[in-house]
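To start, the structure itself, in structure tokens.
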2 protein chains.
Amino acid sequence: MERRRRVPNPLALAVLAWLLWEPMHPYELGRRLKQTGKDRHIRYTRSSLYMVIEQLARAGFVTAQETVRDSARPERTVYAITEAGRHEVHDWLRSLLAQPREEYPHFAVALSLLSLLPPDEAVEVLRRRSAALAGRIEETRTTVDEARADGVAWIFLVEEQYSLALLEAERRFVIELIESLKQPDYAKSWQETMGGRT
Amino acid sequence: MERRRRVPNPLALAVLAWLLWEPMHPYELGRRLKQTGKDRHIRYTRSSLYMVIEQLARAGFVTAQETVRDSARPERTVYAITEAGRHEVHDWLRSLLAQPREEYPHFAVALSLLSLLPPDEAVEVLRRRSAALAGRIEETRTTVDEARADGVAWIFLVEEQYSLALLEAERRFVIELIESLKQPDYAKSWQETMGGRT
DNA sequence: ACTCCTTTAGTCAGCACTGACTATCCAGGA
DNA sequence: TCCTGGATAGTCAGTGCTGACTAAAGGAGT
């Protein structure tokens, strides 16, 4: 049904989207990703950027346009999106939006092993998480507010709003979980089953 | 602060946790991961399992105990956790629980490019997502209910409860987003800014 | 004129990960 | 007795990704 992407790295999607706008050289692409803060939702390093662009070129989604050597500096190759690339952006975007992909958050793995920790230790670390989450929520909220104050339209902040929603849901979950762990029956049953371990 | 893990793959944590219980050979580990359904929150394939165990051995977190050739069958190497491995499980688990790690959900990337799609198309694909999310929520809920009915304690279902919380939060977000996209002013401003594209 | 730091720009070796493949045993049907 | 399919168990080539490195230019301070 969903055929594999030739270049599955999400960074590739961002690159293609920028090239939709105008041809650019890799470094410029990286700069824009950073400047617009879109790199917060993508695993981005300069080396993977170059790798991904190479893969996109191999797949025929972009083509090297010209190699400029503008007054010294290492030569920079300008890339342009192709027709196939345009199609790929739209198709990929639609499919990403329509179908929830299996995600593997680190926290879920940790939760599945929560029973290894003594109840009071579990409560302690989860309290720290809750505080950290509060910090992130605060942070995200202020970046959104500042952008809005600068006149940025809501549609360009929708991904921040999304992570905000997730962070808040997680925080509620953690707080509830802490309460459950504090119940004396949990401590008792943990003693009984895990009492003699390591 | 947080030093890099020698074997950062979360699958390694699950492996170590099972070996905490008793020594095992790789295939057995895989079987248990599948049987207990813990593989739903970890990217698991048999080949990566073998790779990860090799890495764990190199890092000194597990040791090959014996190579059994139990009446034919390819020989199976039984691995046991070491003292360093025990320490690693606890340390890693605590840090995963206490500090929210930067996650990069695919959906966030897609959302950051939502403005590329015409409003009605965006609404259409998001409706499909919402339906798919409802399906997943239903699914997760029934697996939890069935497990509870089988007498599984809540602490062993906490990770399912977590993904449930996230799925529900995402669903609420998507429904709200659809409403925003349906506002006529959005369609109008989209026309103005993106009218003449591709 | 010299040194030092930052920015710009890109490369690369080494390891991690995955899909595809190999090979054996056993149960059951024809 | 032979054949087939599924379960068991593991290997490997090819590609992807990351951290660490290179290198030149520009500017600031002395």
Side-chain angles (χ1 to χ4, degrees), chain A residues 2-15 23-35 39 42-59 61-62 64-79 101-102 104 106 109, chain B residues 2-15 18 23-35 39 42-62 64-79 101-102 104 106 109:
Chain A
E2 167 77 7
R3 77 177 205 294
R4 279 122 203 80
R5 300 280 148 196
R6 316 272 304 278
V7 189
N9 190 330
L11 182 53
L13 182 60
V15 165
M24 259 176 263
H25 56 93
Y27 194 87
E28 176 69 15
L29 273 163
R31 206 182 346 167
R32 302 227 182 159
L33 285 174
K34 289 227 130 148
Q35 263 178 8
D39 64 321
I42 296 186
R43 212 175 289 276
Y44 163 75
T45 60
R46 235 186 6 272
S47 23
S48 43
L49 177 63
Y50 286 97
M51 292 292 155
V52 156
I53 289 176
E54 218 172 278
Q55 292 163 232
L56 285 172
R58 270 208 305 277
F61 294 143
V62 303
Q65 254 202 339
E66 38 170 358
T67 301
V68 196
R69 172 176 285 275
D70 120 271
S71 74
R73 288 294 167 68
E75 50 183 32
R76 300 164 305 174
T77 306
V78 173
Y79 289 90
R101 315 257 297 112
E102 208 64 68
Y104 300 91
H106 287 44
V109 184
Chain B
E2 167 79 6
R3 78 176 202 295
R4 279 123 203 79
R5 300 279 149 197
R6 316 272 303 280
V7 188
N9 190 330
L11 182 53
L13 181 60
V15 165
W18 275 109
M24 257 175 265
H25 57 93
Y27 193 88
E28 176 69 15
L29 274 163
R31 206 181 347 168
R32 303 226 182 160
L33 284 175
K34 289 227 130 150
Q35 262 177 9
D39 64 321
I42 296 186
R43 212 175 290 274
Y44 162 75
T45 60
R46 243 195 350 279
S47 22
S48 44
L49 178 62
Y50 286 97
M51 292 293 156
V52 156
I53 289 176
E54 215 172 279
Q55 292 162 234
L56 285 172
R58 269 209 304 279
F61 294 143
V62 304
Q65 252 201 341
E66 38 172 357
T67 301
V68 196
R69 172 175 285 274
D70 122 88
S71 73
R73 288 295 165 68
E75 51 183 31
R76 299 163 306 175
T77 307
V78 173
Y79 290 89
R101 315 258 296 112
E102 208 66 65
Y104 300 90
H106 286 45
V109 183

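No hydrogens, no waters, no symmetry mates; every other heavy atom, side chains included, goes into these values. Throughout, protein chains are lettered first and strands after them, A, B, ... in sequence-line order, and every chain is numbered starting at 1.
- Toward the 5' end of DNA chain C, the nearer of the two residues B:V52 and A:Y27, judged by each one's closest nucleotide, is A:Y27.
- Between the base of D:dG19 and the side chain of A:S47 there is a donor-acceptor pair shorter than 3.5 Å.
- Looking at the side chain of B:N9, the nearest of the listed nucleotides C:dA9, C:dT18, C:dC17 is C:dC17.
- Along DNA chain D, the nucleotide closest to A:S48 and the one closest to B:E28 are compared, and the more 5′ of them pairs with B:E28.
- A side chain to side chain contact (heavy atoms under 4.5 Å, CB included) with B:L29 is found for one member of B:L11, B:V15, B:V52 and no other, namely B:V15.
- Regarding B:Y50, its OH atom lies at a distance of 17 Å from the P atom of C:dT22, rounded to whole Å.
- Here the side chains of A:I53 and A:T77 are not in contact, with every heavy-atom distance at 4.5 Å or above.
- If you take CG of B:L49 and P of D:dT11, they are 12 Å apart, rounded to a whole angstrom.
- Protein atom CG of B:L56 is 15 Å distant from nucleotide atom C1' of C:dC15, rounded to whole Å.
- You'll find the side chain of A:Q55 stays beyond 4.5 Å of the side chain of A:F61, heavy atoms only.
- Checking the phosphate oxygens (OP1, OP2) of C:dA16, a side-chain nitrogen or oxygen of B:R58 falls inside 4.0 Å.
- The distance between atom CD of A:Q55 and atom P of D:dG14, rounded to the nearest whole Å, is 17 Å.
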Run the side chain to side chain contact (heavy atoms under 4.5 Å, CB included) test on A:R32 and A:M24 for me, step by step, so that the C-alpha distance in whole Å, both residues' side-chain angles and the decisive distance to 0.1 Å come before the verdict. CA-CA 10 Å; A:R32 302 227 182 159; A:M24 259 176 263; 3.7 Å; yes
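- For A:Y44 and D:dC17, the OH to P distance is 15 Å, given to the nearest whole Å.
- Computed from coordinates, the A:M51 CE to D:dT18 P distance equals 10 Å when rounded to whole Å.
- B:E54 has its CD atom 12 Å from the P atom of C:dC17, to the nearest Å.
- Distance CD1 (A:I53) to P (D:dG16): 15 Å, rounded to an integer number of Å.
- The B:R43 side chain lies nearest to C:dT18 when the options are D:dG19, D:dG10, C:dT18.
- Considering only heavy atoms from C-beta on, B:Y27 stays 4.5 Å or farther from B:L49 through its side chain.
- Residue-level contact check: A:R46 touches the bases, meaning some heavy atom is under 4.0 Å from a base atom.
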